[in-house]
K.L.:
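Pasting a structure here, questions to come.
Naming: A, B, ... by sequence-line order, numbering from 1 per chain. These figures come from a predicted structure and were not determined experimentally.
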There are 2 protein chains.
Amino acid sequence: MALDLTNLYPLTWKPDWSALKRPIYQSLVQQLSQAIASGELLPGTQLPPQRELANFLGINFTTVTRAYRLSQQQGLTYAVIGQGTFVAQTAQQTVTISRHNSQIEAELGFNASFESENQRLQPVMKQVVSRQTATRLLNYDAPTGSLHQKVVAQAYLKQIGITVPTQQLFIASGGLNALTIVLLALFRPGDKIAVDQFTFANFIELARMRGIKLVAVRGDAGGMQPAVLDKLCREQRIKGIYLMPDLSNPTTVTLTLHRRQALAEVIKRHQLRLIEDDYLSFLNRFRQPALPRLSTLLPKQSVYICSLSKPIVSGLRVCYLVSTLADQPALRQAMFNVNVKTSALDVEIITTAFQTGVAERIMQAKYQRATRANQIFETIFPSQTPSHDRQQAFFRRLPIQTTLTGQEVEARCQAAGIHVFHSDRFLVGPNTPQPFLRISLASMPNAQALVKALTHLKQVLVAQDLLL
Amino acid sequence: MALDLTNLYPLTWKPDWSALKRPIYQSLVQQLSQAIASGELLPGTQLPPQRELANFLGINFTTVTRAYRLSQQQGLTYAVIGQGTFVAQTAQQTVTISRHNSQIEAELGFNASFESENQRLQPVMKQVVSRQTATRLLNYDAPTGSLHQKVVAQAYLKQIGITVPTQQLFIASGGLNALTIVLLALFRPGDKIAVDQFTFANFIELARMRGIKLVAVRGDAGGMQPAVLDKLCREQRIKGIYLMPDLSNPTTVTLTLHRRQALAEVIKRHQLRLIEDDYLSFLNRFRQPALPRLSTLLPKQSVYICSLSKPIVSGLRVCYLVSTLADQPALRQAMFNVNVKTSALDVEIITTAFQTGVAERIMQAKYQRATRANQIFETIFPSQTPSHDRQQAFFRRLPIQTTLTGQEVEARCQAAGIHVFHSDRFLVGPNTPQPFLRISLASMPNAQALVKALTHLKQVLVAQDLLL
DNA sequence: ATATTTGTACATTAACATTTC
DNA sequence: GGAAATGTTAATGTACAAATA
């Protein structure tokens, strides 16, 4: 058999056999990582099947399995049974979304929250620190919030449709911090969590850091499909599900009442732990009729996360977290381990803002500004059919047509002074036929600046022939 | 061979063979966990050797390996090559240290920081929120601290012996949060970190949650022994080392200059990443001569963590974190993922306290109060030879004699209204012949209350015949 | 509808390292 | 100082599950 096997196996990736050191699987991952970093393997490329690569290298195929698994854990690849293993769209870049540093003319990427409303809080801050009792906010007491702070939280939660005793409530240092706590407390490395195909980029990273595997559930225009979720749950041991039922990030899909009920039914049947991220909670107060929070349909298996970054202010790190009584000890424990305590000063300012009516005025103002921002968006991008449930979204989805990678698209916008995020950043698992940009509407200082920024964006997209 | 094998194998633990389901290793861990929870297996018990248990159950011994490994990851057991696998001292309880909720007469467990000094910060808070620019603290900008805040941090760091450009500095939400960030950014599940045999309990938990294995390094009266560390590093792939070189928690050992140099040499030789936790940084300003921060001896491989909870105030979550330039991106990334940003308001209050001299006065006051508290401790427990380097410790070590478990000792003190921590909480790996209590000196409101609490503690210990 | 391709999970085999006697 | 006991790690073998043609 003096055949030249090299040509019989037209492998998309041929690791250097002579460079393989023991342990083989680690050596393989290193080579893979390098091939991706060097651009030799582009995002989306299908890697050789485990058995073929093993054959090529003369090793057992489960050793390749192990290498591929490690590369998956590092976010380099994803695999689908029956299809193959592929280089992830996000393999080359860091997906995390944060405030951009460089000089950017138009901030349409990072999702702030109409920050000029923050000035309304100055009197509140003054009031809080002037109290005789102010220095009590500075000690180690009440790490998850004082009773008084929880009572105020309880009142707000009631307004948005959640009735809960204070024992089931605690206060974390922001929404992402709450998610960190939940992943640490209620999940273990190796657990699987179901998510939308496009989901919160920082959650993807966080799950990766915790060693949790995300399972993408296909959705339609109405969001995640209950039948698909049901199927996936029957197939594999999925432990939890992460959802943003209202204006899901980045798709801006809001689940209808019927979809909520159907999903709740499936989640209940499979005993998934639901993590409901209600980052725009305050909008539910303006909705007629209000939509039920998904977790209220599943009170025994849910964690409800209510960050105040968007409704009130982003710079104070405060988030209400609702769970079952049974989960409280584990959650508190995890909170001690990552935070020791939530800053009582930050919480007290939010609390006082609620009590004095300032919070109410801020939420009203943000509602108005979000409405206006969406009108502007729909004027400039008229192809985006106005939809009732997106009228107060803080960002919008803008489909594009291109064969470029997400990185390239972002880079071209960046070169024009525009910061946007490509859908690839939010992608879990296999690529999708329909890429889009997420356009933040809440980060420019005023309506005028937003008009200018969006107009400029449109010009750039047209010039690049990206607009659909 | 109709032998009754049951008696030939006097196993300390006999899992129920008939109850074993597949996957076997998981089923085994479940049974083990139950046996420990029910008290059937006590802390310290040696489990059957992997091969014997496998024999007994008729399975392959590496399946037992796998089960034992999982139980180790969960903190239930620890194993030593050549010796065996044992039930961990901390298996039954949660080790995390946090503020106690119930009515406690004497708080000598949780380690606060002379919280009555907090009142000095009220004018500072007022000043900060009264500025025209105050609402700028409320947006998403400068997630790791503004330049101005970093310059002030830089000045403080210089005072305690660290000269660093602001590019290598960032501000996290408290010391534990900084540790979380470091473990997420610079380590992976499965990595090993060397620690003192007794170390910060929350770090133990944090490492466990991150899937990082801690390797206990034996120490003598002078702290960790460089030769032992060297040996362990030669034996296994250790990636990092976590140290509190000044008044190490809970042992109160301060490394001498020579020990620092010797350890630095070993750490350098094995290219370990050093995590230096300088939770009492301010004391170095009062030391004559000052001791070099260990990380300054290893500038290329260190992360230096300088929480301001103890030096200034515990309720504001602020910590300075110094790293190499190369590590900054990964650290910032991890910070975005768990915090989004550090509360700029909290940081600004600390910053202004430094600028106005209030911080200086607080540190002076805490120095005095710590000195007084240690005098009180040594008066009441005269057997504890006064040692120069412990004169300003925030807690002290009190050896006890007993065969009781740590939990039982704590429970008996608790029953008398005294909150203390037993050394088992801080223990990594095999048990030690010399248990002790960690007595916090900084949590009682004043000297009088401390005298009363310590006197009461002494009575209780004498009555229980625990005092050495 | 069924066979083939592809990935996954778990147990087993083998080689190794450290401790203790 | 060597043998036995003990735990660790990597690689392989086996069974299975899903996707696709």
K.L.:
Could you label the plane-to-plane angle of the A:Phe198 and A:Phe436 rings as parallel, tilted or perpendicular, counting under 30° as parallel and over 60° as perpendicular?
P.N.:
perpendicular
K.L.:
I'd like to check A:Leu41 versus A:Leu32 (side-chain heavy atoms, cut-off strictly below 4.5 Å). Are they in contact?
P.N.:
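Contact flag for A:Leu41/A:Leu32 side chains = yes.
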K.L.:
Judged by each residue's nearest nucleotide on DNA chain D, which is more toward the 5′ side, B:Pro48 or A:Ile24?
P.N.:
B:Pro48
K.L.:
Between atom CG in A:Leu70 and atom C1' in D:dA10, what is the gap in whole Å?
P.N.:
13 Å
K.L.:
Would you say the side-chain atoms of B:Gln46 and B:Thr12 include a donor-acceptor pair closer than 3.5 Å?
P.N.:
no
K.L.:
Grab the N/O contacts between the protein and nucleotides 15-19 of chain D below 3.5 Å, and write none if there aren't any.
P.N.:
| from | atom 1 | to | atom 2 | distance (Å) |
| --- | --- | --- | --- | --- |
| D:dA19 | O4' | A:Ile81 | O | 3.1 |

K.L.:
Suppose we call two aromatic rings close when their centres sit under 6.0 Å apart. Are B:Tyr242 and B:Phe203 close by that rule?
P.N.:
yes
K.L.:
Which nucleotide of DNA chain C is the first, and which the last, in the 5' to 3' direction, to come under 4.0 Å of a heavy atom belonging to chain B?
P.N.:
C:dC10 to C:dT20
K.L.:
Could you tell me whether the side chains of A:Gln72 and A:Thr77 share a donor-acceptor contact shorter than 3.5 Å?
P.N.:
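On atom types as modelled, these side chains do not qualify, holding no pair under 3.5 Å.
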K.L.:
Could you tell me how far apart A:Tyr25 (OH) and D:dT12 (P) are, to the nearest whole angstrom?
P.N.:
13 Å
K.L.:
Return the value, rounded to whole Å, for the distance between atom CG of A:Leu53 and atom C1' of D:dA11.
P.N.:
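So the CG-C1' distance, A:Leu53 to D:dA11, works out to 15 Å.
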K.L.:
When you check the gap from the basic side-chain N to the acidic O, do A:Asp191 and A:Lys213 get nearer than 4.0 Å?
P.N.:
no
K.L.:
Whole Å only: how far is the CD atom of B:Gln73 from the P atom of D:dT9?
P.N.:
10 Å
K.L.:
Please report the interatomic distance CG(A:Leu47) to CD(A:Glu52), rounded to the nearest 0.5 Å.
P.N.:
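Here the interatomic distance stands at 12.0 Å.
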K.L.:
What's the NZ-C1' distance between B:Lys192 and D:dG7, to the nearest Å?
P.N.:
11 Å
K.L.:
Could you tell me how far apart B:Glu52 (CD) and D:dA5 (P) are, to the nearest whole angstrom?
P.N.:
9 Å
K.L.:
Quick one: is D:dT9 close enough that its OP1 or OP2 comes under 4.0 Å of any side-chain N or O from A:Gln26?
P.N.:
no
K.L.:
Just checking B:Gln72: base, sugar-phosphate only, or nothing, at a heavy-atom cut-off of under 4.0 Å?
P.N.:
sugar-phosphate
K.L.:
I'd like a table of donor-acceptor pairs (distance under 3.5 Å, sequence neighbours excluded) in which one partner is a side-chain atom from residues 78-88 of chain B, with atom names and distances.
P.N.:
none

K.L.:
Here's a test of your reading of the structure: between A:Thr62 and A:Gly84, which maps to the more 5' nucleotide of DNA chain C?
P.N.:
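The residue mapped nearer the 5' terminus is A:Gly84.
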K.L.:
NA contact type, A:Arg66, heavy-atom cut-off 4.0 Å: base, sugar-phosphate, or nothing?
P.N.:
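Since a base atom lies under 4.0 Å of A:Arg66, the category is base.
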K.L.:
Is it the case that over 12 heavy atoms from other parts of the model lie below 6.0 angstrom from the CZ atom of A:Arg208?
P.N.:
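Yes.
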